[in-house]
Structures are given as structure tokens and as C-alpha cells.
2 protein chains.
Amino acid sequence: MAETTPDAAASDTPGQALTRQALTAAALRILERDGLAGLSMRKVAAEVGVKAASLYWHVRNKEELLDLLSDALVADAELPPREGSWRDQFLEYGRRHRALLLARRDAAKVVAGRLAPGPHILAVLEDQLDRLRAAGFSDADAAMASYLLSAYVQGFVLQEQSPLSAAEAAGATRGEAARAAGETFRTLPAETYPNLVALADDLTDPDMETRFEFGLQRLADGLAALLPA
Amino acid sequence: MAETTPDAAASDTPGQALTRQALTAAALRILERDGLAGLSMRKVAAEVGVKAASLYWHVRNKEELLDLLSDALVADAELPPREGSWRDQFLEYGRRHRALLLARRDAAKVVAGRLAPGPHILAVLEDQLDRLRAAGFSDADAAMASYLLSAYVQGFVLQEQSPLSAAEAAGATRGEAARAAGETFRTLPAETYPNLVALADDLTDPDMETRFEFGLQRLADGLAALLPA
DNA sequence: CAACGGCCCCTAACACCGTTAGGGGCTATC
DNA sequence: GATAGCCCCTAACGGTGTTAGGGGCCGTTG
């Protein structure tokens, strides 16, 4: 009957046939396997057992598929527990956001510069704003703080998730690549780059956890200064 | 014949043969004209008056060309004056970094996630570290602060430089797109998204200058807390 | 002088890519 | 039974990055 049509209004009805959800899931699988550069419409089609042209019945563009993908990437986000100080909750938000992006291959590249707020993204944003306002931030500050956090996390993970050097893509571990990069800095001409030489180890420290945490703490400190006592 | 060829607008450096520099300059021109998506090896080749396959004599990959490009993008960076507090210099660094990226079309997308330190990038980093250490930051903190700033700026500009919506790409100005986005937020179901509805204007404020400045000040505040009095 | 070897560009081709046009079979409704 | 809409198909267009192999030019060398 007519009421079974999975049409526009309830776009996320779980269909058993070929739905936008199924396409998104297939794209997610290919992203994990081949990376963003290896994600093509033809492969997505093959993954769902269909020819490439058929995808355009369900999706306007590859861009639209990527929009769906970017929302799906945050689909299984778990919100931090609503306890403790606003600061702890803020920090935890940043950590989980980073963890979410790191969990999927090339996730940062997919999300980067894609302002396509799907339902999952909206839900997270809504919750985040709610906590910031409850903490005492003004409306404008809450909005900006949320934007600030996501800009930092995306910028950070984007660099973190990209190969440190051409050598890394070819088998070398992160630690080895970092050591190689450190060597590069250390052997620079010391008269023109004294600081790079001196800080070679600090600059190429492969411990991304503490590096991320450093920035996160600075952000939280900076925001805390906006609140009254 | 070959060296004085009236070859249209092809060669820009009179007398010089085809160098990596010339390739980079040509790529930069095409980037400005057609954006990153429209930057192809064939177009770069045509721009310098050559066929595509010839580029591979000078450059290993398109990736390597993009590495060169990302360094060239910061080639004309002017360092902030060495006066005033470390804080002012830090802020000015952030502003100029952003301005530099904004000045060239798709610059943020080119640089994003590309850790290819060319000579220009190294020079800026060297200077930045020097000032941070002079301000009293420890070696490790200086290195992390520098990383933090660039992660924020890149993340911010990446979002700023990408079209706010599909509508914006088609002619609409930033302000109009922002108004449309605000309308989208404002008409969301208020019972599930009360904060998004309430903060619709704050979330879609098109004034990127103050939004960027907000984050920058928070960063500076957070870093200031690391220093002794 | 002639031969060599490097530099630098060429043509041709491969294996892809996103996207569109147009066609056809299936199914549910009138 | 006819009709309309959904959903997939084949075929093709105009691109993409990249490689193989060939061939002039030119300075050096025997």
C-alpha cells in the first residue's frame, strides 16, 4: 500500500531493500578498506550488488553520499556522562570527538570542511550547547566555544591521521617515522635553524595523546577565564 | 626556436627552462582560477606549454606537486614585528596565518593534513619557536603551543573556506547563506533541539573575524596560564 | 670528427573516474 | 488490462593520474 513507501519524509526508515542507509553503510565499509582516495561510486555500487549508474537514483552526487557518510561517522557517538564539572565534560567531549574520528580510516578528511549537519551531528551539537549554557556561558560564547572545540579537534586529527611522511605510508610505523623526522630536524643547519635543531625531539614527539591533551587543556583554561568565579 | 618560442602565455620566466619553481607557479595560477578540484596535471602542463607526461620528469607525483604547492603558499608570509608582548605576537601570528590561507583559493584544503615541511614553512616555524622560548615557555610547551596554534588555524580556515551550504556554491553570498542556515536552525523542532533553536543566530553568525578572534584569545589565555607571573 | 649519454619532451595507451541519456522490466493501483 | 512509478540496466562522454617507449638536442669524450 501507499503507506509503506519509504519516501522522503521518513528518510531513515530501515529498509531491507536498497536504501540510502544501505549505501552509506557500504561506503563506510569501503572507506575502511581502501581509504577516501579509493572510495568510488563504482565500488560502492558493486558493494551493494548494483551497477554504478543506479546509485544516482538514491543520491544526487558523490558529494551527497559523502555528506551522508560524514553524518554516519558520528552515528555511534556516545555522549559523555552528565556529571562532574563543565570543564571535565568539555574535555571529555574533545577526547571522544577525537577518538571517534580516529576510529575510522580517513574520517577527518571526510568530515573536513563539510558543513552538512545531519541528524546525528545536530544531536551532538544540541547536547553540547546545552551543557555550555548550563555552565554559565552566554549564548554567543557557548556557540563560539562549541565551534572552537570542533575546529581544534578536526584540525588536530586531520594532521594526526595523515601520514607523517612519504616513508610512513610504505610500512614504517608512526614511531619510526617520528624518529626519522627527528633526525631530519636535528641535522638541519644549526646557524639558520637553531630552534628547530634544539627542539627536534619535542617537535617530533610521537605521543599524540599528550599533545592533543595539551591543546585541550589550554582551550579549557581559556574558556574558564570567561566565567565568573 | 625552442628557447624564444612565442608560445602564447605559457612561459612566465623568460630565459629559464622548465623548473620545479615554474611548475609550482603554474599550479598556483590554476589553483586560483579553477580551485583544487580543477587542478589537474594536464592543465598544469598546458599552462607551462608542455604535455602532461613531461611533468613526471620534474616531479614524482601529483602529491609531490601539491607538497611544493603547500610550501609555496606560505612563501610570501610576513613575520609579525618583533615588538610588544609575546601574547600580541602570538595573536598576530594566528591572524596572519589565517589571512595567508584565506588569500589563496582552497589554500586550506591544499595544506590540510600535508606535513611536508618545505623551506618556507620551516623558516616560519623556526621564528615562531624562537619567540615562544624567549617568552619563557619550556621546550616541550613551545613545541606544543606552536602545533596547537596551527591545528586551530587550519581547522578553522578549512571550515571557513568551504561553502557553507550547497546553495552558497551557486551564487549566494556568505551572508545570505548564513541567513538561510539560521532559518534552518530556527525552524527545527523546538522540543528536541531547544538550544539549536534558541542559539540559531549565534551559531550562524557570519562574522568569521570575531569568531576566529574568540578562539585565538582563548588559546592565548590558556597558554598564558602556563607561564609564571 | 664521430659516437656516446644525459636531459627533456613527445605520442599512445591503460585503467580508472563521475555523471548522463535512454531503455526496460517489475509491481501496485485504477 | 492499462497505466504509472519505481528501480535497475547498458552505453557512452569527457575527463583523471600515470607509465612505456621513442626521439630529438647537446655537451662531453674517445
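Reminder, nothing fancy here: chain letters follow the sequence lines and each chain counts from 1. Source: prediction; values computed, not measured. Heavy atoms only: backbone and side chains are in, while hydrogens, waters and symmetry mates are out.
Distances shorter than 4.0 Å separate none of the side-chain N or O atoms of B:W57 from OP1 or OP2 on C:dC9. For D:dC8, the OP1/OP2 oxygens have a side-chain nitrogen or oxygen of A:H58 closer than 4.0 Å.
Checking each of B:L101, B:V74, B:L69 against B:V111 for a side-chain contact (heavy atoms from CB on, under 4.5 Å) leaves exactly one that passes, namely B:L101.
The interatomic distance linking A:L55 (CG) with C:dC17 (C1') rounds to 13 Å, in whole Å. Distance, A:K62 NZ to C:dT19 C1': 12 Å, rounded to whole Å. Separating the CE atom of B:M41 from the P atom of C:dC9 is a distance of 13 Å, rounded to the nearest angstrom. Spacing between atom CG of B:N61 and atom P of D:dG17 amounts to 11 Å, rounded to whole angstrom units. Rounded to whole angstrom, the span from the CZ atom of A:R20 across to the P atom of D:dC7 amounts to 12 Å. Between B:K43 atom NZ and D:dT16 atom P there is a gap of 7 Å when expressed in whole angstrom units. As a whole-Å value, the separation of B:Y56 OH from D:dG22 P is 21 Å.
Stacking of B:R211 on the aromatic ring of A:Y147 is recorded, both the 6.0 Å distance cut-off and the 45° axial limit being met. Seen from the ring of B:F214, B:R218 counts as a face-on cation partner, given the 6.0 Å and 45° thresholds.
The aromatic rings of B:Y152 and B:F212 lie parallel to each other, their planes meeting at an angle below 30°, with 60° marking the opposite boundary.
One finds a salt bridge joining A:R20 and A:E64 here, because a Lys/Arg side-chain nitrogen approaches an Asp/Glu carboxylate oxygen to under 4.0 Å.
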Protein and nucleotides 10-13 of chain C: nitrogen or oxygen contacts under 3.5 angstrom:
residue, atom, partner, partner atom, Å
C:dC10, OP2, B:K51, N, 2.6
C:dC10, OP2, B:S54, OG, 2.8

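Counting non-hydrogen atoms under 4.0 angstrom, A:L65 reaches nothing in the nucleic acid.
When the shell of 6.0 Å around CZ of A:R105 is examined, it contains more than 12 heavy atoms from other residues, nucleotides or ligands.
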